[in-house]
Every structure is written in structure tokens, then in C-alpha cells.
Number of protein chains: 2
Amino acid sequence: MDIAAGLLAAEGPQALSTRRIAAEAGSSTMAVYTHFGGMIGLVREMVHEGFARLQDHLTKVVWTDDPVSDMALLGRAYRRNALANPHLYAVMFGGFSPAGFTLSDTDRQHGRYTLVNVAQCAARCIAVDRFDPGDPELVAHRMWVATHGLVTLELGHYLLEPYDADRLFEAQLVALMVSAGDIPDAAERSVAESRRRLDDEVATRLPQH
Amino acid sequence: MDIAAGLLAAEGPQALSTRRIAAEAGSSTMAVYTHFGGMIGLVREMVHEGFARLQDHLTKVVWTDDPVSDMALLGRAYRRNALANPHLYAVMFGGFSPAGFTLSDTDRQHGRYTLVNVAQCAARCIAVDRFDPGDPELVAHRMWVATHGLVTLELGHYLLEPYDADRLFEAQLVALMVSAGDIPDAAERSVAESRRRLDDEVATRLPQH
DNA sequence: AAGGGTTTCATAACACCGTTCTGGTACCCG
DNA sequence: CGGGTACCAGAACGGTGTTATGAAACCCTT
């Protein structure tokens, strides 16, 4: 049942309709209501799954003795997850205008929970004197805001040549590390190291064939 | 006619329906088709108006002898415009899933046109040696990405106490200037100066009551 | 093992949506 | 003044989410 819903989210954005899902599952529209209490309950469930999947991606990065490289890798994992499930990511962050869908405070808190990984990594960056002393949660938020902005514009096809998303992302990564206190040369090296680590550590299965 | 459409966007997100507009305008649903060729044509027109309004906000900032302050003020104007027209901003950047609405390349280019203001300001920052030498358009894109990310999360109510949007925005502004090459103390001063200039230079009428 | 209560779903209906077709009206322009 | 065009009211079609109504299926108790 959830599988059918996930499949539909991957095939199309507004293919999420009670009748479409019912036809795909060989069932009736009532199934959606008995299991999820309506359409918005279903998308809420999918948002939860989306955050869980994001959490999976972020926890894949292992902590090395270069926390700045770890931090950059967290950003890469975040972006990779969003690009692997573009429609799901759009729904997670408000891309579901119809039916007055608004995610509850607990939902948002659940989403913000993924930030603890980043905050811990920021704390390690500060501990080894790569980042300036300060609030690790604040720098985690700054990383999140910038990366989310880039991913959002990339998914909306707003980032075109010659300022494509790849180039902007690389530049933004080192800029974020520098603005957090790291030395430009060191930041450049750590970001480059994270680029090498990406494919090994955070392998992404395609959005369900 | 456009006024009715604008009013509806301000009253609700999915109040944009042919019948609702027709009732509000005392007309029939056909009016939407004869004037805009359908629903997606209407929202496309509103997106254009949204970008025009954004451009208005950005051109309100006057160039002073402190281009970094001007740059920060551009960011404040961008955010203020988005907060003044939240639903319109959401629609501009992909928040209209139904009916397979996709904005054309020319639309996006029209949207990216607002970046020339920022790029020019970045060039001035570089010219006076406040920013490191480099591609002004690239730093303009970085400013855009970060500010857009913050505004998006703020509109989605993802930024809660104690890391609220105001605090994050201030921190991000100085961080952006620093990562572009400015000295932290100077960046702090210019950002503070831009905060003083905001209400005078870029006054925003409320989103049409 | 049988009965009662709960859960689950298929069907049909309702209200709403975007869209299209059909006329009829109003306008403008020669 | 006559003719052609642009515009729009109304009805209808296929789609959506949702609800009411039963009829099955299941489970759990006796």
C-alpha cells in the first residue's frame, strides 16, 4: 500500500489521487481513507518517509579526522538525496498547495531533527579549531539554509549554464566553510576530499527503478 | 481583471480557480480563457507580475559609497518582498504542482534577470576591494541561493525559535559578505547600516490588504 | 465451534475543479 | 447602416477529494 503510494510519487507529482492509487493497487478509493484518513494524511505519511530517507542518507557519512570534509559530505548527501527523490523533496517543503495541506509543528520538528547530525559535525569542526568558536546549531542552520536554497532552485531548473548547480554547489561549499571560520586553502582541500568520498560512502539507489 | 487575480492570490493559495475568479469578478469562467488562454496562462501572468514586483523592490535601493551595505540591503529587500507576497513567491518557485504547470525557459530567464542588480552591486564591491576579485555573477548567484533558501524555509515555517528567520538572516548576511572576501568587522558594520536603511528606502505596502 | 463486534472495502453520490462547446450579444469598423 | 469579429453566459464532460451506505471479512470471546 505504502509502496504503491511511493511509486506514484516517483512517477509524477500530481499522480497522487485517490482514484489513481486505488486503480494501481486494484482497490477502491476508500482504502486511502481507512488507512490514512484522507489524502492529506497520505502525503503527510510520505513526507515522514521522505525525512526518514534523508536521515538515512545523512547517517551514511562516517566521521573521519577531517570534520570539515565530513561536513561537506553531509551537504553532498543532502543534495544527492533531494535529486534522487525530487518530487518527494518538493512535497516535503511546501510544494503541495491544493487541499490546504499544511504540515503540523510536530512534522516540522521531525524534519528539523535531521539537523542534529549537522550540528554534531559542526561541533567537531569547532573542537578541532577549523571553525570559529560559536553555536554549532547556528552554523548547522546556515548550512541547511544554503543547501536547501541551492537544491530548490536546481529542482526548479533555475540554475542554468554557465552558473549551473554543480559549479554553484562546489563554490558554495568552500564559501560556507570559510564563512564558518576555516582557512580558504584548508576548506578547498576538505571539500575536494569530500568529493572523492561521495560515491563510496553515500551510494544512492535510483528512485525505485 | 488582473486585480481580481492578484486579490485572490493574496487571500488564499488555491483560491485560484476559474469559478472563484469568475464569481469574484461577476463574470463567467470563459473570461479566464479569452484573456489568458487557460488557468496555467493566468498563473504564468501572475508569476511575471511577481518578478516585476520583485524587481521593483530591488531597484528601490540606492547606491551609496558602501556597496557592501547596498548588497545587504538588496538581500533585505528580496526577503521583504517575499514576505509581503508569500503565496505569490511560492508559486514563482515551483509551488504549483497541479495541472502540470511548468514555467518556460523564457520565464525562468525573466526571473533570473533580477540578478543583474545583484551582480552589478557585487562588481562594485569587488571594485572597492571589499570583495575578493572574482566573478561578480557567481557571487550574485551565491547571494541569491542563500537568501532564497532562507525565505523558502521561513515561508514554510521551518525556522523556529531560537533559530528564527530574523536571527539566521542577520548571521547569514555577514557570513555571505565574509565568504565573498570582506573583513568580518567591516561586514558587520555594513550589514548593520543596511538594517538602518531598510525601512527608509524600501517601504513595502502590505499585500493589498 | 458459533456468535457478536469491529474493521475494511466496493459502490454510488455530492461538490468542486479545469476545460470545451454552443450560442447569443456587443462592439468596432468599413 | 451592415457585417465581421471579439467577448462572454450557460451547459456539459471528465477529473478530483470526500462522504454515506451497506456488505463482506476478520477477530475475539464465550
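Every chain is numbered from 1, with letters handed out A, B, ... down the list of sequences. This one's a predicted model, so the numbers in the text were calculated from it and none came from an experiment.
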**Student:** Distance check needed: dT19(C) P versus L42(B) CG, whole Å only.
**Tutor:** 10 Å
**Student:** What is the distance, rounded to the nearest whole Å, between atom CE of M39(B) and atom C1' of dC17(C)?
**Tutor:** 10 Å
**Student:** Looking only at side-chain N and O atoms, does H35(A) come under 4.0 Å of OP1 or OP2 in dC9(C)?
**Tutor:**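 True: H35(A) side-chain N/O within range (under 4.0 Å) of dC9(C) OP1/OP2.
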**Student:** Just by distance, no angles: are the side chains of Y163(B) and D135(A) close enough, under 3.5 Å, to form a donor-acceptor pair?
**Tutor:**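 Note: Y163(B) and D135(A) side chains meet the donor-acceptor criterion.
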**Student:** Return whichever of Y33(A) or T34(B) has its heavy-atom-nearest nucleotide of DNA chain D closer to the 5' end.
**Tutor:** T34(B)
**Student:** Is it true that R79(B) and D166(B) have a side-chain N and a carboxylate O under 4.0 angstrom from each other?
**Tutor:** yes
**Student:** What pairs with R142(A) under salt bridge (Lys or Arg N to Asp or Glu O under 4.0 Å), at least two apart in sequence or on another chain?
**Tutor:** none
**Student:** Rounded to whole Å, how long is the line connecting atom CD1 of I21(B) with atom P of dC17(C)?
**Tutor:** 10 Å
**Student:** Would you mind checking if E193(B) and R197(B) are paired as a salt bridge, meaning a charged N to carboxylate O distance below 4.0 Å?
**Tutor:** no
**Student:** Report the relative orientation of the aromatic rings in H141(A) and W144(A); use parallel for angles under 30°, tilted for 30 to 60°, perpendicular for over 60°.
**Tutor:** perpendicular
**Student:** Parallel, tilted or perpendicular, judged at 30° and 60°: which one describes the rings of H148(B) and F93(B)?
**Tutor:**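 Tilted, since the angle between the ring planes falls between 30° and 60°.
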**Student:** Would you tabulate the nitrogen or oxygen pairs shorter than 3.5 Å linking the protein to nucleotides 9-15 of chain D?
**Tutor:**
residue	atom	partner	partner atom	Å
dA9(D)	OP2	S27(B)	OG	2.8
dA9(D)	OP2	S28(B)	N	2.2
dA12(D)	N6	R19(B)	NH2	3.4

**Student:** Taking CD1 from I40(B) and P from dT20(C), how many angstroms apart are they, rounded to a whole number?
**Tutor:**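 These atoms are roughly 10 Å apart.
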